[in-house]
Protein chains: 2
Amino acid sequence: MKSKRVSITDIAKELQISPSTVSRALNDTGKISEPRKKEILDLAKKMGYRPNPFAKGLVQNKTKTIGLLIPEFTHHFYSRMLEGIESVTSKAGYQLIICTSNEKQKQEIKACQTFLNSRVDGVLATVCKKNEKVDHLQEIINSDIQLVFMDRQCEELEASHVISNDFDGAFQAVEYLIKNRYKRTAHIKGPKNLSTTFNRLMGYKESLKKANLSVESELILESDDPYLLKENLKNLLMEKSIDSLFAYSDYLAYDAYQVAFEIGLKIPQDLAIIGFADEPISQYISPSLSTVNQKPFEMGAQAAQILLNQIKNSETPCEYISLQTELMIRDSI
Amino acid sequence: MKSKRVSITDIAKELQISPSTVSRALNDTGKISEPRKKEILDLAKKMGYRPNPFAKGLVQNKTKTIGLLIPEFTHHFYSRMLEGIESVTSKAGYQLIICTSNEKQKQEIKACQTFLNSRVDGVLATVCKKNEKVDHLQEIINSDIQLVFMDRQCEELEASHVISNDFDGAFQAVEYLIKNRYKRTAHIKGPKNLSTTFNRLMGYKESLKKANLSVESELILESDDPYLLKENLKNLLMEKSIDSLFAYSDYLAYDAYQVAFEIGLKIPQDLAIIGFADEPISQYISPSLSTVNQKPFEMGAQAAQILLNQIKNSETPCEYISLQTELMIRDSI
DNA sequence: GATGCTGAGGCAAACGTTTGCGTGGATCGT
DNA sequence: ACGATCCACGCAAACGTTTGCCTCAGCATC
């Protein structure tokens, strides 16, 4: 079976016709009679012809590949997003080139180089936490490669994005706490520099304001240093000055669980907690964690669809999509 | 910035030399003087030259891409494996083309077509549960594409694999139960047709035999129908005929948790449980689940490395690697 | 019957690289 | 000083496809 690859010219020779005719038949690009076409297609199938993507790419300068840049894959949110992306791109005959940044800018820059080198038609990206510069992403745009951001937006750059409505998700979560007569709600912030961090914080603040509650800066905790976070949280809890907590992520909520258990508090009696992202773990831990579901599959699928549209027609204007979230109430409140 | 792509001939013209010399300089493939080389490299950098992968692929017939076939990504095991793979391939300058089968043979076949069409240099695959035929994988091999299996082996085909030592992992888990004086241990089997299912079952059986305990078929439960599984398990537990359980996977162990809680049993007092895979959830659920860690990162990394070796030299003999597992003892025993 | 039109298909260039072979000049050994 | 060797580089073919232009036969029109 180690037969040589069969090319368009092989078919042409076999049929005593020119390669151009074969090409036209295979691509169904007019200028060919029906019987001829059928004859060619049949033989091509019989000979097991597969188009050579290099030759095609060389002349057409289209790669039918999309670069995917993701911080990491072990969070359910991202792996589910990947599945959404893949469901769209595979149907459209596009391939994915995957690079992970591990939340490091250096790796993100390298990924962008990879995308440029492999001449991808477009890029789907979730930028990493620690981006100070965005030159590498700007270069993607400058090279006429379509770019769509997911989950985290990047205001410095003019590109489409599909994100969660973080503000509203946070707003609803805190509103729910207030409605259930919790009096003082703390917030654990996310990583600096992320749009998601900012928006969820704003949602928290606005929700308090709407209920005529004051926003107290000592109830807003930084999370960049995990040790410091736990210390600060422990102090707040020991003073019994809070009765509820809205965390930037489920993982930060798990940290809060640990601290609460350590000092003998019960969830939700002594402390109600709501997280963000709806990791599958959250259903299994005890008590199960209330959280905000973000629809990562839809996020990936929509971002991919927008990217494909932009690739098809580069004049397509940018789209800015904000997906509604869903509050999942479980046992932690 | 919408400048045209700069090619090797552009550089050659600029320097009044031939394209071949430029090519040799860029690839550092001998036959070139040092000053010339430096001159060319400098100009190439200055002009922002990027090699055209199509032209290169066309003449060399190497794609520097690897196809990755995975059942799904939302299990931590697979996403972690992906990270292991990516860590190796990205260093070697290879790109990944990712396809998911969603455990469906139809999608797996489609993925193989994709791999053949895009002329990948090699394929890393974890086959899906429901493979009755392996023709599509055989075709990969027939087309001279290197193939390495991960996690699940495929005995019908002659190809390298990197798997867990499922037998030993299961053996140790059950041995641990026996040593801790549990008398009757049930086993929940995995999906039919998988090598992992068979090997873990064998490990369970051998461990019992070694301890001079009898293997009772009514203690071995099928898991293909989740409802039936729960019913059967409930019956076993109500009769109090078992005091411990070794499950094919963590997820099946979680099912056992549910059933046990439903009928008011306590873990581990009334029922000790050990799972398999060490999903991160298992640390967080309560009581935390003892399980068998499989080192998915290493599995991916090693499989990728073997594949790269085989691509480099297609005469490399097949390798069969079985990674040692690690028993993680937590609170469920 | 000369002219124009149309549809089917061929010709050849082009895409950007690599690479075997050839060549001229320099260097070496004797 | 002369042939052998070697080095640095050029030439041109090759990889498989697409595509603009050309050709030619058949047909309709006047």
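Small disclaimer: the values here were computed from a predicted structure and weren't measured. Proteins come first, then strands; the chains are lettered A, B, ... in the order of their sequence lines, and each starts at number 1.
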Which part of the nucleic acid does B:Ser7 contact within heavy-atom distance under 4.0 Å: base, sugar-phosphate only, or nothing? sugar-phosphate
Does OP1 or OP2 of D:dC15 have a side-chain N or O of B:Asn61 closer than 4.0 Å? no
What's the closest nucleotide to the side chain of A:Ile32 if the choices are C:dG10, C:dG9, C:dG16? C:dG9
Can you tell me if B:Ser23 touches the phosphate of C:dT18, counting only side-chain N or O atoms and a distance under 4.0 Å to OP1 or OP2? yes
Just compare D:dT18, C:dT17, D:dC9 and give me whichever is closest to any side-chain atom of B:Ser33. D:dC9
Between C:dG9, C:dT19, D:dT19, which one does the side chain of A:Thr21 approach most closely? C:dG9
Round to the nearest Å and state the distance from B:Ile17 atom CD1 to C:dG24 atom P. 20 Å
Heavy-atom protein contacts under 4.0 Å, nucleotides 21-27 of chain D, coded B base, S sugar-phosphate only, - none: -------
Sequence neighbours excluded, which residues qualify as salt bridge (Lys or Arg N to Asp or Glu O under 4.0 Å) partners of A:Arg24? none
C:dG16 OP1/OP2 closer than 4.0 Å to side-chain N/O of B:Arg5: no
Quick check for you: to the nearest 0.5 Å, what is the distance between A:Gln294 atom CD and A:Arg80 atom CZ? 13.5 Å
Of C:dG16, D:dT17, C:dT18, the nucleotide closest to the side chain of A:Thr9 is D:dT17
Counting just side-chain N and O atoms, does A:Ser18 come under 4.0 Å of either OP1 or OP2 of C:dG10? yes
Mind checking the CD-OG spacing from B:Gln153 to B:Ser195? Nearest 0.5 Å is all I need. 4.5 Å
Base, sugar-phosphate or nothing for B:Arg119? Non-hydrogen atoms, less than 4.0 Å. nothing
